[in-house]
Amino acid sequence: MLTQLKDIIGDLGFLSFEISLAAGAIVILILGLVVKHKLAYKVGFIAVLLLALLLLSFGQEEVLLLGDNLQFNDLGALLKALFVFTAIWIVFYPTAENHGSEYYFLMISMILGSALMLSANNLLVIYLVIELTSFASYSLTNFDFKKKSFEAGMKYLLFGGVSSALALYGASILYGYSGTLSLSGMDFGVVENSAFLNLGMALFIGGVLFKVSVVPFHIWVPSTYEATPTDAVAVLSVIPKIAGFVLLNRILDALNVYEISWLLNTVTILGIATIGMGTLGALRQTNVKRLIAYGAVAHSGFLLAAVLIPFENGVSAFVWYAVVYALMNVAVFYLVSLFESKGMTEVDQFAGLYKKEVYLGGLVVLVMISLIGLPPTSGFTIKLFLFTVMWEWYQSVGDPLTVAYLVIAVISVVFSLFFYLKIPYQMFLRDGQNTNYSQSSLSQRVIATIFTLLVLWLFFRPEILNNIANNIKFLDW
Amino acid sequence: MSAIPLTYYLVLSAFLLCSGLLMVLIKKNAVFVLLGIELMLNAANLNLVAFSKFNPNLDGQIFAVFSVVVAAAEAAIALSILLNIYKKFDSSDLDDLNTMEY
Amino acid sequence: MENLLSWLIFIPFIAALVVGFIPKDKSQLIKIIALAATSIQLVLGLLLFFQFDGDTKPSLWSEAFQFTELEPWIHFKLGSIGSLQVDYFVGVDGISMPLVTLSALLLVIGVISSWKLEQKVKGYFILYLILSGSLIGCFVALDFFLFYVFFEFMLLPMFFLIGIWGGPRRSYASIKFFLYTLFGSLLILIVMIGLYLSTGSIDDAGNQINTFSLVQMMDGSFLENTLLAPGSSFVLWGSSLRYWAFILLLIGFIIKLPAVPFHTWLPDAHVEAPTAISVLLAGVLLKVGGYGLFRICYAIFPDIAIELAQPVAIIGMISIVYGGMVAMAQNDVKKLIAYSSVSHMGFVLLGLAALTAEGVSGSLFQMVSHGFISGALFLIVGVIYDRTHDRQIESLSGLASKMRQYTFFVVLFFFASLGLPGLSGFVGEILVFMGAIGAESINGVIPSWIGMVSVLGLIISAGYYLWTLQRMFFGKYWTREAAWDVKMVDLSAREWLMLVPLALLTLLFGVFPSLLLGPIENTMNFFVEHIMNQGQTYLNL
Amino acid sequence: MKGDMIHMAFLLLLPLIGGLVAFASGKTKAPVVALLGMIPGFLLSLLMLNSAFADVIVYRWEWVPGYELGWRIDEASALLIALVNFISLMVHLFSATYLKGDAGLNRFYAKLGFFTTSMLCLLAADHLLLLFVFWELVGFSSYLLIGFWFQDPAKAKAAREAFMVNRVADAGLLIGVVLMITVLDLQFLSELSSQNSSFLLTLAGFGLLIGALGKSAQFPFFGWLPKAMAGPTPVSALIHAATMVAAGVYLLFRVQPILIPAVQSATAILGALTAFMAAVAAITQFDIKKVLAYSTISQLGYMVMGIGVGAEDASFFHLWTHAFFKAGLFLGAGAVINYLHHVNHHNHDFDAQDMRWMGGLRKYLPVTFISFVICGLALSGLPLFSGFLSKEGILTGAWLWASQNAASQGWWVYLISDLGFVTALLTPIYVGRQIWLVFFGESRSHMEQYDKAEPVINFKLPLIVLGIGALWFMHAINPFDAHGWHFGEILFGQAEHIESNIPLYTMILSIALAIGGIAISLVFFGPKSKKTESFSQAQGPVSFIGKLSFNSWYVEKSYDWMSVGYLKLTQVFNRIDRRIIDRIVDSVGVCTVVFSKVLAIFDREVIDGLVNFAGWISKTVGAMLTGIQSGKIQNQLVWLLVLLIAIILWFQF
């Protein structure tokens, strides 16, 4: 008993990132009681994140902690750093002006949940961290305190609730068949091909797919993105998603998915459907955030491809994609929030805006180009690399589904042109009156420029992405 | 202390799950829908506990305890949102939540 | 001069940056900077033309390029895919050199033609300069990745240039343009990735180094049994992957060229685009498609080029005949010229498909000469459009008695375009015919009848040009609206400045085609030889 | 040799340079300047004639890598070059007065100079491609000159149609030339020799034939020449009578060695047919120039027939003599038209080219009258005039050929020579008709006439010189010897002696036909005939044959029908392009249904293109998607579960 406790205490050293986040979250909550100044929360938020980042350690061997409940590796560390990097910017968003301390508390909770998702290796832990992330997300959705927010929050919650209930049911079946909650110890060798077990797998994976917004679990995405404060969306669309994909990969690995063809095929088809549905769905959107939300769904399809690819380049592709995806989302949501703060949420409100805001317009174009995946932006680099790896995937397995995946992915790029360019199209090609529009401030422009330049810079220097990917010692996740 | 076979538990939990699901799908009032979710969770809990009984370790039961707590937390969040919805919409009927319909 | 090509590419980019920092209201300064930048480009382009060494006979593509610059850009290991190797690798051979010089010339003319622009000058010239740099980059890139980047990067400025400064249906046209070209370029992208995975070398340590280098791809350094290696075992629907890759590339490039049936974006884009952009679109952008066919489609896939020569030639033939006939039915002069471009670019396809020295040289010559002529034709339409804001043939008549100098140029360029001997259009067409009709007895890749049917194009083009001349320029002077009458003055000095160089070049290359064909002779011969030899080798694998 | 090159360059380019300088010097000085260019040009050509007879001039240079082009002036070229220079000089002279006061006079001389140079180069070209180049350029300059008065829509249209017909034929020529150059490797005219018959050679031969038929206005292309009469009359004299139209004959003359029998027969048939058809057409025309135009076609038909039957020396001779008398006729007609213009100066009641308003002009235009009659008699083929000599050769050749080939090819070969003789009868009829109607009787215009209508020397000189050129002694010493041409021996060597009576028969027959024809014309159209008196009210003929003749066998009409049909076809194609191809490709390219509809929407309502597109997608992608995204969360959940269950079931069973 004592040795166990000692082990646990010893393991806590590895958990410094998570612990500091948890502690920080509580500190901020308390701070909210003491200090009423909004700036303090922002500073606190940044401090907590930076502290956590400082305590993050890279370059370790893969370790199992707390029994085998958590699995730590370098990929996780890297992605945690990415999470911090993504989240830290939200304080600069104009929509982040009025948030209280509980907002930052929830935000940190969500990051914490996602960070733990990266290492969760036990059904119980998985369930808990998913719920932790979800609860934080549900709550954050309401933070605009409008009719719409509550509606979206409620839908999100009900949807999430059903998904997680089903996932829990699935988890219970998995537990029943394997007799263990530990992913690494799971073995269904004896009872293969039982319908009940398959149901369990499907339901459990469904719970994770919900987090990564893969079709058909993407339905919550548009309304949630629309109603949630934009700064929160920037985080929501990146951090839980990336964490969810890592988790999904671990689960698929544990279930030995490459041996279970129906599961693999299902997930592959869902990936294709995700790209298709996201792209087609986005075409008809007129609300900027809904539009980008559908785009994000399509991006999930791309990320899923990287997750499914069974060799090390898949990991690299995933890391590349994740990093750039995070960057692009930070940039695009920053721009969106700038416009949102001036009351512009619908696409046609942007008509003729170039007269007032040609500079930001240019940045919007670049970021959108990156989201589409055209040069000279890093959005192109990652798509190129992903397509390359998909080619290789086909070369090695020869499965026609992989070709279909590749083709749909490529075609979706053409379609995505339509909706991503809607805003630039309105801004530059249409005439309109924006008499009430007030120009953005210099600092806002500078921040937007930094984001955009990052997106461009990684195109010209992709080896940075590669170095990041290469520094992960354990490329097999 | 013997011998209610596992199948019985599973059937019961399946029944719970289905009725919960049915409730989620049919009821218009958000409170009932939430109740449905609770039922589904409890179906899962029942499974866990039952499996745990036929297993050497107690993980399942621990899991169930956790999940009960999580369910409570979920209910708390749900109800707080519901409260707000009731204020804004003057209704807790899910069909009235249609301002964002597309 | 060191780094000639880099200067050519980056001067406009630098100028665009400079323009970006100039306040909006100093439009004159902006124009002067744009003019200066493109003029420097022109000087460099001419330098390139005259310093190009046409005497060396290459035996490998790696020896064919001059003015090469190689800077490593992206180099790193990528697990099982081998090393990723993207270089800033530029150079010119006989195929790209004339096109670079042509672009440099038309870019200057485009600036002059935009001189009267008054709205949103700054944005226009920034985009214009970006477009200039990318265009040149596209022609000189020897790394597929680099080529692709420039290729795609042209789209965006073009999209906005048409979409913002265009005519009433500009948004439709610009989106259509963007969509078609993007679709084409994605097809190219797929093949590019496949080629990347298949090309490269194995170093001493046994590591596989994949590369995007076009030169290596053309020289055929494929890795054993990879997707697109010749003779590889990958088969899709009964044909090798190389076959499908060729088709994808072909579609990708003939969308840009454009050839029937992928041409419908062109008339719309032309009609809506402002004059200068039309000039560039017809004069240079279409050539990117042709250039891509030469450099990538044909040089890398010689086996399939031989196999599919006949369908390609038939596409060319249909474009020539069909494009011309549709042109006849147009009422809008600009649309007419746009369709005539379709017809004339059909010659490029036909000559290339013949795979004889005459056909291929003719094809390239046709591209250059079409650059001059179509550029001038769009300037000519611009002259009328500036004065009347109307381009309908029926709105005007008898212009010859009112605007004599103008009519002189119209007649000159119309006849140049319909292939009057002594003007450059003729040389390209006759060489293509010689190639296409003679191919049957030289290498037998395409039958003679394709060339003979294409001769119809000569009659058809005469038909629509002469009819236009008769309706618009001859007969009694008449304008649809009386108010136009005062504006109907003859060419201004600026317009002279634009048209005269093009007219002189059309005449010069028409009379002395060897000025152009001499320097590129060795490249052309090598191109044909290479395709025939390597193609046969590949086919026998 | 170098001297020769410079000599040749000067010779070929002088007219163009003269024309350009004339253009720059303004309309008053233009005629003088152009003449100053033409006169030394003519003298140079005489010198060249001299030197070419001594030594053939050859110059070759690399045009594009792998292809040499070449000039070559041999005896035949030199002779024709001199001829072209001479006629051009005459026309330059004549035009100065004819077009006096025209605002575009300097432009006219520039175009004329351009034409002359092109024509000279055509004759000097040795390489087939080079020949094609100038072939096109003479066509182009002809277009410019026909359309000289472009303000008149009818004339602009005529110019276009003339060019188009030529262009169609040129396409055939192009195929022929390209086949010769690339496939058969027969590049130089001077190096042609008879080849083994092959399919490609036949094809090439027909291609060349088509080209020649086009330029020489032979059936079925002859419709362009009457239309070309829209140009100023001196131009007609130069281009459409003496020089350019002869280019087709010249080409056939040059490539004759490689023409295989099938092509030769076709040549003979088409030539004879054209000669006959055009002669018939000439009989009923009212327009003074149209009569001459059809007569030109008819005479060219003789020449082409001559080539076809192997009498190319006679054809060449006829080309030579025809140039003089036909230019003379045209210039005479020009003088008449010019005079009537003056008469008609104030009130434009009538068409100055319409013979119905003429009559009795011999009193006012004596020099013109004499020259016209001499030339007309030469055209009719009366002995003592040049036309007789050359036409004799062709007719004899045709008969000889027919008698030689009748056994092998059948009786129809006689039809060719018979058509030649019928034409020989028709020719004097229309010539006589024209002379009677124009110069005899009384004026039918009822206007005040002028006496001094031929005031200046540059009007009279060309007429006199050309009139003299139509007399026999200018060409041969013996007025009855068809082979007695001064240059015959130089060009073709010693004439073979023919052991046959046919030449004698032909001579007698053709003299009889010529005299008979003139007699017939006197009966029908002479000053005393009823027809002439009421001629000013004459309308077009009513009988079927008369209509056929008046409308020149409906060849020109058929061009119109064809062009209308073609235009409709292009409209159809245009519609296909916009309605079908545009859509199909869009849909094939990306997604079959989606895009075609998208663009349909775009077409209808571009303004809100993107929004509409999205709206459409939402409708089309289907009720399914709509159901899922309806916002009713329970609906959504149902869908989710259905999908889940479906997936599970799918993979389980």
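Residue numbering restarts at 1 for every chain, and letters A, B, ... go by the order of the sequence lines.
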Within-4.5 Å side-chain heavy-atom neighbours: Asp170(D) and Leu458(C):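 SC-SC contact between Asp170(D) and Leu458(C) ruled out.
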Go through the atoms of [X] and report whether side chain, backbone, both or neither lie under 4.5 Å from a heavy atom of chain C.
| X | answer |
| --- | --- |
| Arg107(D) | side chain |
| Phe134(D) | neither |
| Leu184(D) | neither |

So, for [X] and [Y], which heavy atoms are closest and what is the spacing to 0.1 Å?
| X | Y | result |
| --- | --- | --- |
| Gln151(D) | Ser401(C) | NE2-CB, 4.1 Å |
| Ser461(C) | Arg167(D) | OG-NH2, 4.5 Å |
| Glu521(C) | Pro65(D) | CD-CB, 3.2 Å |

Proximal component of Leu418(C), with respect to chain D [non-hydrogen, under 4.5 Å]: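 Both backbone and side chain of Leu418(C) come within 4.5 Å of chain D.
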Arg404(C) versus chain D, the contacting section by heavy-atom distance below 4.5 Å: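 When you check distances to chain D, only side chain atoms of Arg404(C) fall under 4.5 Å.
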Test item: side-chain donor near acceptor, Asn574(D) and Tyr339(C), under 3.5 Å: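 The criterion, which ignores hydrogens and geometry beyond distance, is not satisfied for Tyr339(C) and Asn574(D).
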Measuring from [X]:[atom1] to [Y]:[atom2], what's the distance to the nearest 0.5 Å?
| X | Y | atom1 | atom2 | answer |
| --- | --- | --- | --- | --- |
| Glu136(D) | Leu420(C) | CD | CG | 6.5 Å |
| Leu203(D) | Met452(C) | CG | CE | 4.5 Å |
| Leu200(D) | Ser448(C) | CG | OG | 6.0 Å |
| Thr182(D) | Ile442(C) | OG1 | CD1 | 6.5 Å |
| Tyr566(D) | Ile460(C) | OH | CD1 | 4.5 Å |
| Trp467(C) | Glu161(D) | CH2 | CD | 12.0 Å |

Steps toward side-chain contact (heavy atoms from CB on, under 4.5 Å) verdict (Val183(D), Glu440(C)): CA-CA 8 Å; Val183(D) 183; Glu440(C) 188 173 353; over 6 Å; no
Greater than 12 external heavy atoms within 6.0 Å of Tyr477(C)'s OH: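 Buried by this count: over 12 neighbours within 6.0 Å.
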side-chain contact (heavy atoms from CB on, under 4.5 Å) evaluation trace for Met325(C) with Leu569(D): CA-CA 8 Å; Met325(C) 288 181 76; Leu569(D) 186 66; 3.2 Å; yes
Audit row: Phe150(D), Phe473(C), ring pair (Phe, Tyr, Trp, His ring centres under 6.0 Å) steps and yes/no: CA-CA 8 Å; Phe150(D) 57 79; Phe473(C) 292 90; 9.9 Å; no
side-chain contact (heavy atoms from CB on, under 4.5 Å) assessment of Ile175(D) paired with Phe433(C): CA-CA 8 Å; Ile175(D) 293 179; Phe433(C) 285 134; over 6 Å; no
Max heavy-atom pair count under 4.5 Å with chain D, selected residue of Asn525(C), Val455(C), Leu516(C):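 Among Asn525(C), Val455(C), Leu516(C), the one with the most close pairs to chain D is Val455(C).
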